[in-house]
Amino acid sequence: MINTIVARVSGASRYEFDGRKGGKLSVINEVDADNDNQVGMQCSDMSADFSIVDQIRNAGVELPCNLELDIELRMVRAGQNKQQTTSMHVIAARRPKGAGSAPSSNAKPESAKA
């Protein structure tokens, strides 16, 4: 299943080793203000396709920034008992819709009067 989310992305990296390719996306989240056990920001990582670094470069953004991410929910085995858990894997990244540059104004500034 593929979902689209907007997340504050702080960095991305990729690797190629022995014919295997992959990547990682780091995101920053504000903690829940109603949770007395947390304060500040939390950092987390998501696995990603190898092409994610190029997609972010081609988007022309400067990190950290908000990006629209297409994520795939994957079942993975993790932990000592190899229990199944859900992980998020990023397959696409782009500027959020409506995040274009501000329109330029043709109005001339008024000159200061002495």
Side-chain angles (χ1 to χ4, degrees):
M1 177 199 309
I2 297 175
N3 292 309
T4 301
I5 64 169
V6 175
R8 183 109 180 128
V9 177
S10 60
S13 61
R14 63 182 174 190
Y15 64 87
E16 183 173 3
F17 183 72
D18 288 340
R20 301 182 104 181
K21 290 182 174 185
K24 175 180 80 169
L25 207 69
S26 299
V27 298
I28 305 168
N29 297 312
E30 236 179 278
V31 299
D32 182 6
D34 295 330
N35 188 336
D36 291 335
N37 298 319
Q38 299 174 342
V39 66
M41 306 293 279
Q42 286 187 328
C43 301
S44 59
D45 293 327
M46 295 182 208
S47 63
D49 285 351
F50 182 82
S51 64
I52 207 73
V53 171
D54 291 327
Q55 291 176 29
I56 292 172
R57 283 187 182 131
N58 293 338
V61 297
E62 187 175 323
L63 299 179
C65 70
N66 289 339
L67 289 176
E68 192 171 278
L69 307 174
D70 289 340
I71 59 166
E72 186 175 66
L73 298 176
R74 295 185 172 179
M75 295 301 289
V76 295
R77 295 200 180 272
Q80 192 173 10
N81 297 329
K82 300 292 184 189
Q83 294 177 329
Q84 274 196 336
T85 185
T86 305
S87 114
M88 290 191 284
H89 180 82
V90 182
I91 56 176
R94 62 191 162 276
R95 286 178 184 252
K97 291 181 175 96
S101 59
S104 60
S105 173
N106 290 335
K108 295 180 183 175
E110 291 184 29
S111 58
K113 295 182 181 177

Nearest heavy-atom neighbours spanning V53 and S13: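 Reported closest heavy-atom pair: CG2-C, 3.8 Å.
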Interatomic distance, K24 atom NZ to Y15 atom OH [nearest 0.5 angstrom]: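 Between K24 NZ and Y15 OH, I get 11.0 Å after rounding to 0.5 Å.
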Hydrophobic cluster partners of I91 (side-chain heavy atoms under 4.5 Å):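 Its cluster partners, ordered by chain and number, are I2.
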Qualifying salt bridge (charged side-chain N to carboxylate O under 4.0 Å, His left out) pairs with a residue from residues 28-38, counting only residues at least two apart or across chains: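 Qualifying pairs, neighbours excluded: none.
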Counterpart residues, side-chain hydrogen bond (donor to acceptor under 3.5 Å, both in side chains), relative to S51 (two or more places apart):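 Per chain and number, S51 pairs via side-chain hydrogen bond (donor to acceptor under 3.5 Å, both in side chains) with Q55.
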Whichever hydrophobic residues join V76 through chains of side-chain contacts under 4.5 Å: none
For V9, the option from V90, I52, L25 that meets side chain to side chain contact (heavy atoms under 4.5 Å, CB included): L25
Set of residues satisfying side chain to side chain contact (heavy atoms under 4.5 Å, CB included) with respect to N3, sequence neighbours excluded: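 Applying side chain to side chain contact (heavy atoms under 4.5 Å, CB included) to N3 gives M1, I71, L73.
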Can you give each donor-acceptor pair under 3.5 Å made by side-chain atoms of residues 38-47, sequence neighbours left out, with the distance rounded to 0.1 Å?
| residue | atom | partner | partner atom | Å |
| --- | --- | --- | --- | --- |
| D45 | OD1 | S26 | OG | 2.8 |
| S47 | OG | H89 | ND1 | 2.7 |

Hey, can you pull the donor-acceptor pairs under 3.5 Å for the side chains in residues 56-70, sequence neighbours left out?
| residue | atom | partner | partner atom | Å |
| --- | --- | --- | --- | --- |
| N58 | ND2 | D54 | O | 3.2 |
| E68 | OE2 | R94 | NE | 2.9 |
| E68 | OE2 | R94 | NH2 | 3.1 |
| D70 | OD1 | T4 | OG1 | 2.8 |
| D70 | OD1 | R94 | NH2 | 2.8 |
| D70 | OD2 | R94 | NH1 | 3.1 |
| D70 | OD2 | R94 | NH2 | 3.4 |

Under the side chain to side chain contact (heavy atoms under 4.5 Å, CB included) test, residues paired with E16 that sit two or more places apart: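 By the side chain to side chain contact (heavy atoms under 4.5 Å, CB included) rule, E16 matches K21, F50.
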Other ILVMFWY residues reachable from V31 by side-chain steps of under 4.5 Å: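 Result for V31 is none, singleton.
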Separation of T86 OG1 from R74 CZ (nearest 0.5 Å): 12.5 Å
